[in-house]
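Below is one structure, written out as structure tokens, with a few remarks after it.
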Amino acid sequence: QERTFIMVKPDGVQRGLVGEIIRRFERRGFKLVAMKFMHADEALLNKHYEALAGKPFFKNLITYMSSGPVVPMVWEGAQAVKLGRMLLGETDPAKSLPGTIRADFGQCVGANIVHGSDAIETADREIALWFKKDELIDYKSCVAPYVHAH
Ligand code: GTP
Ligand code: MG
């Protein structure tokens, strides 16, 4: 099954949106595979966003992402990467459709509440970066006969 890496960013945690974001992935039928609560250091965040290292906003991005604790998660299901990005909305909350997390709660590109992998290969890389193998929990979903994605 396809897996994606989703992370509640520091502004999402501080504003009390952790439960809301988990709820949206749960009710969409995705299966939770891993989750933790941590304060990420700059070294980890530099690696996470290494593709953006040359961008003018990179330093602000790392400062923002290391300003408080985050909630990294792995969610599984059919087309988890693409559909996960649909639940998130666009990078810019102002360009996101109502009903997406970023349109409903995000404030600007620099404070957009949540991260989601942008491709299957990116998801694999990010999951390996944030989680050890034994933190990915293998269990049987009891709703599998009713939820296509499982
Ligand atoms: P992530 O899920 O966090 O990876 O966002 P994304 O995939 O929608 O966007 P991208 O990977 O291109 O950028 C990563 C993050 O950098 C964004 O979520 C923003 O927080 C920030 N960012 C991207 N573009 C800009 C920008 O033009 N200005 C500022 N200030 N921040 C930006
Ligand atoms: Mg991205």
Side-chain angles (χ1 to χ4, degrees), residues 1-133 135-137 147-150:
Q1 269 300 5
E2 192 169 305
R3 291 177 168 181
T4 191
F5 177 73
I6 301 293
M7 176 164 55
V8 185
K9 296 182 176 184
D11 53 330
V13 172
Q14 294 290 349
R15 292 178 55 204
L17 295 170
V18 173
E20 173 69 30
I21 290 165
I22 291 172
R23 174 181 155 268
R24 286 174 180 232
F25 279 84
E26 282 183 323
R27 72 178 185 187
R28 182 60 182 76
F30 293 116
K31 181 187 175 191
L32 183 62
V33 171
M35 173 165 67
K36 55 187 167 184
F37 183 54
M38 62 186 281
H39 200 142
D41 62 26
E42 293 197 6
L44 177 58
L45 292 165
N46 281 334
K47 267 191 224 153
H48 175 74
Y49 280 126
E50 69 186 4
L52 300 175
K55 301 280 183 191
F57 58 82
F58 185 72
K59 205 167 182 305
N60 283 344
L61 175 61
I62 300 302
T63 303
Y64 158 51
M65 289 299 297
S66 59
S67 67
V70 293
V71 181
M73 299 177 278
V74 178
W75 289 91
E76 183 179 286
Q79 293 188 273
V81 172
K82 181 176 166 234
L83 297 178
R85 293 279 287 193
M86 282 179 70
L87 290 185
L88 263 53
E90 303 295 319
T91 307
D92 183 352
K95 293 185 180 134
S96 303
L97 287 172
T100 62
I101 295 167
R102 284 167 171 172
D104 292 352
F105 307 110
Q107 301 179 92
C108 57
V109 281
N112 59 5
I113 303 290
V114 63
H115 162 83
S117 307
D118 60 12
I120 293 174
E121 310 78 65
T122 321
D124 292 343
R125 188 184 77 83
E126 292 172 346
I127 291 167
L129 180 64
W130 288 85
F131 290 97
K132 299 190 201 103
K133 273 217 171 71
E135 291 176 322
L136 304 173
I137 308 302
V147 180
H148 228 60
H150 294 188

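Order of listing sets the numbers, starting from 1, for every ligand and every atom in it.
- Within the structure, ring pair (Phe, Tyr, Trp, His ring centres under 6.0 Å) contacts touching residues 72-112 (residues at least two apart or in different chains) are Phe25-Trp75.
- Put simply, the side chain of Arg15 reaches to within 4.5 Å of the side chain of Gln107, judged on heavy atoms.
- With salt bridges taken as basic N to acidic carboxylate O contacts below 4.0 Å, none links Glu121 and Arg125.
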Which pairs of nitrogen or oxygen atoms, taken one from ligand 1 and one from the protein, are under 3.5 angstrom apart?
unit_1: ligand 1; atom_1: 2 (O); unit_2: Arg102; atom_2: NH2; d: 3.2
unit_1: ligand 1; atom_1: 2 (O); unit_2: His115; atom_2: ND1; d: 2.9
unit_1: ligand 1; atom_1: 2 (O); unit_2: Gly116; atom_2: N; d: 3.1
unit_1: ligand 1; atom_1: 3 (O); unit_2: Lys9; atom_2: NZ; d: 2.7
unit_1: ligand 1; atom_1: 3 (O); unit_2: Tyr49; atom_2: OH; d: 2.6
unit_1: ligand 1; atom_1: 3 (O); unit_2: His115; atom_2: ND1; d: 3.3
unit_1: ligand 1; atom_1: 4 (O); unit_2: His115; atom_2: ND1; d: 3.0
unit_1: ligand 1; atom_1: 5 (O); unit_2: Arg102; atom_2: NH2; d: 3.3
unit_1: ligand 1; atom_1: 7 (O); unit_2: Arg85; atom_2: NH1; d: 2.7
unit_1: ligand 1; atom_1: 7 (O); unit_2: Arg85; atom_2: NH2; d: 3.4
unit_1: ligand 1; atom_1: 8 (O); unit_2: Thr91; atom_2: OG1; d: 2.5
unit_1: ligand 1; atom_1: 8 (O); unit_2: Arg102; atom_2: NH1; d: 3.2
unit_1: ligand 1; atom_1: 9 (O); unit_2: Thr91; atom_2: OG1; d: 3.3
unit_1: ligand 1; atom_1: 18 (O); unit_2: Lys9; atom_2: NZ; d: 2.9
unit_1: ligand 1; atom_1: 18 (O); unit_2: Asn112; atom_2: ND2; d: 2.8
unit_1: ligand 1; atom_1: 20 (O); unit_2: Val109; atom_2: O; d: 2.7

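- Smallest separation of non-hydrogen atoms from Pro10 and Met65: CG-O, 3.4 Å.
- You'll find the side chain of His48 reaches within 4.5 Å of the side chain of Met7, heavy atoms only.
- The pair Glu50-Lys47 does not meet the salt-bridge criterion, since no charged nitrogen lies less than 4.0 angstrom from a carboxylate oxygen.
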